[in-house]
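Remember, predicted model here, so these are calculated numbers, not experimental data. Side chains included, hydrogens not; waters and symmetry mates left out as well; all remaining heavy atoms used. Note that the numbering runs from 1 along the sequence shown for the chain.
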Amino acid sequence: MSLETWALSAAWGVLGFGLLVYGVARQSNDLRAAGLVLLLATTGKIFLFDMARLEGVVRAGSFLAVGALLVAAAVMVRRLGGGALPPRLRGRRSRPSEEA
């Protein structure tokens, strides 16, 4: 596998992560969606094309790196407030203690 293929995947991943974090920070649904789509496309490329050519420890390390990127993206979105419910859905959740 060539270094160019890995560099392309890394650049897409970093760009997608950056767009996602920037979109959450600016409260822009369009930027957030673009970041998620780019991360999804990068993850698909890595799993379908890049991983097929790897073996052994390098393959396991690549799975760990992709997983770490996705977990980091989820944590950043949650910390910056992107995981909160929209205002129209906030009042609809019922608590078990209120139902009794």
Side-chain angles (χ1 to χ4, degrees):
M1 176 172 240
S2 70
L3 182 62
E4 294 150 1
T5 303
W6 278 106
L8 181 63
S9 297
W12 282 7
V14 169
L15 180 62
F17 181 75
L19 278 173
L20 181 64
V21 170
Y22 187 67
V24 170
R26 302 277 295 176
Q27 297 181 347
S28 169
N29 288 334
D30 293 337
L31 288 173
R32 190 181 319 169
L36 285 172
V37 166
L38 194 53
L39 274 178
L40 180 64
T42 303
T43 304
K45 176 191 176 298
I46 289 170
F47 283 129
L48 294 175
F49 298 105
D50 297 347
M51 293 291 182
R53 297 184 180 114
L54 298 177
E55 295 179 6
V57 176
V58 175
R59 187 175 196 168
S62 295
F63 273 111
L64 290 173
V66 170
L69 177 67
L70 294 175
V71 168
V75 168
M76 290 301 295
V77 167
R78 190 68 178 156
R79 279 196 179 163
L80 292 175
L85 288 173
R88 67 179 185 273
L89 297 177
R90 285 187 190 150
R92 293 187 184 174
R93 291 182 19 177
S94 63
R95 295 186 183 126
S97 62
E98 294 176 358
E99 293 176 3

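Residue pairs satisfying the ring-ring contact (aromatic ring centres under 6.0 Å, His included) criterion with at least one member in residues 50-75, sequence neighbours excluded, are listed as follows: F47-F63.
When all heavy atoms of R32 and Q27 are compared, the closest pair comes out as NH2-CA, 4.2 Å.
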Determine all donor-acceptor pairs shorter than 3.5 Å in which one atom belongs to a side chain in residues 33-40; sequence neighbours excluded.
none

Result block: side-chain N/O donor-acceptor pairs under 3.5 angstrom for residues 7-16, not counting sequence neighbours:
{"unit_1": "S9", "atom_1": "OG", "unit_2": "T5", "atom_2": "O", "d": "3.2"}
{"unit_1": "S9", "atom_1": "OG", "unit_2": "K45", "atom_2": "NZ", "d": "2.8"}
{"unit_1": "S9", "atom_1": "OG", "unit_2": "D50", "atom_2": "OD2", "d": "2.6"}

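In this structure, V75 belongs to a hydrophobic cluster whose other members, linked by side-chain heavy atoms under 4.5 Å apart, are V71. Members clustered with V57: none, using a 4.5 Å side-chain heavy-atom cutoff among hydrophobic residues.
Heavy-atom contacts from other residues, nucleotides or ligands closer than 6.0 Å to CZ of R26 number 12 or fewer.
Cluster membership for L19 and V24, using ILVMFWY side-chain heavy atoms within less than 4.5 angstrom, is not shared.
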